[in-house]
Amino acid sequence: MIDKSDLWFVIIGLGVGSYFLRFAFIGLVGSRQMPPWLLRHLRYTAVAILPALVAPLIVWPAATDGTLDPARLAAAVVTLTVGLITRNVFGAIFAGALTLYALLYLLG
């Protein structure tokens with residue numbers, strides 16, 4: 001168990017660090033025009049967040065204590081394939097969820 005003072009130190013430290021990280025972009029750069037190369041790279045930030053959140057759940061799923069699960073891997077492949085073919089986010093999510101639950105039911 002972590003000591004309460006250490007916990008509060010970490011919470012306050014993360015809050016201050018998060019504030020200054022956001023202030024660097026909003027407070028210091030907010031009134032200036034950003035260069036086109038930076039704007040071009042920032043467009044891909046939102047697209048990279050979802051795979052970054054989902055990838056650890058596929059490679060190291062907590063539900064299986066870290067062993068690779070064929071149902072989750074197949075659902076990820078189906079989701080990626082449907083998303084690339086149809087360019088429909090909701091269709092890809094639905095197909096992946098359907099695949100995951102079907103394989104979890106069939107494989108036990």
Side-chain angles (χ1 to χ4, degrees):
M1 186 77 180
I2 190 169
D3 187 35
K4 287 188 179 187
S5 61
D6 290 340
L7 177 67
W8 280 108
F9 179 74
V10 169
I11 290 172
I12 291 170
L14 288 173
V16 169
S18 176
Y19 174 79
F20 282 117
L21 184 63
R22 288 186 171 100
F23 179 75
F25 284 102
I26 297 170
L28 300 177
V29 185
S31 61
R32 299 181 193 168
Q33 183 68 24
M34 287 194 217
W37 63 269
L38 181 61
L39 291 173
R40 186 173 53 247
H41 285 47
L42 287 176
R43 283 192 316 198
Y44 299 109
T45 304
V47 177
I49 289 173
L50 188 59
L53 291 173
V54 173
L57 299 174
I58 296 167
V59 177
W60 192 273
T64 61
D65 290 330
T67 59
L68 195 59
D69 187 17
R72 285 170 176 76
L73 189 61
V77 169
V78 168
T79 303
L80 182 64
T81 305
V82 170
L84 288 173
I85 291 172
T86 65
R87 304 280 184 196
N88 185 348
V89 175
F90 294 116
I93 292 171
F94 181 73
L98 186 65
T99 304
L100 176 65
Y101 288 121
L103 287 177
L104 286 176
Y105 178 76
L106 291 174
L107 297 176

Point to revise | Distance in Å, Trp37 CH2 paired with Leu39 CG, rounded so as to fall on 0.5 Å steps | key: 9.5 Å

Review point. In Å, rounded to the nearest 0.5 Å, how long is the span from CG of Asp69 to CG of Leu107?
Key: 7.5 Å

If you compare all heavy atoms of [X] against all heavy atoms of [Y], which two are closest, and at what distance to 0.1 Å?
X	Y	value
Val82	Ala92	CG1-CA, 3.7 Å
Pro56	Ala52	CD-O, 3.3 Å
Leu68	Ile58	CD1-O, 3.6 Å
Pro51	Val47	CD-O, 3.0 Å
Ala75	Gly96	CB-O, 3.4 Å

Exercise for review: Could you go through the side-chain contact (heavy atoms from CB on, under 4.5 Å) check for Asp3 and Leu7 one step at a time?
Suggested key: CA-CA 6 Å; Asp3 187 35; Leu7 177 67; over 6 Å; no

Check your understanding: Taking the side chain from Ser18 and the backbone from Leu14, do they hold a donor-acceptor pair closer than 3.5 Å?
Key -> no

Indicate if [X] and [Y] have the same hydrophobic cluster label, given that clusters are the connected sets of ILVMFWY residues with side-chain heavy-atom separations under 4.5 angstrom.
X	Y	result
Tyr101	Leu106	no
Phe20	Ile12	yes
Phe94	Leu80	no
Leu50	Ile85	no
Phe23	Leu42	yes

Check your understanding: Are Leu104 and Arg72 close enough that some pair of their side-chain heavy atoms sits under 4.5 Å apart?
Key -> yes

Check your understanding: Between Val78, Thr79, Val77, which is the residue that forms a side chain to side chain contact (heavy atoms under 4.5 Å, CB included) with Thr99?
Key -> Val78

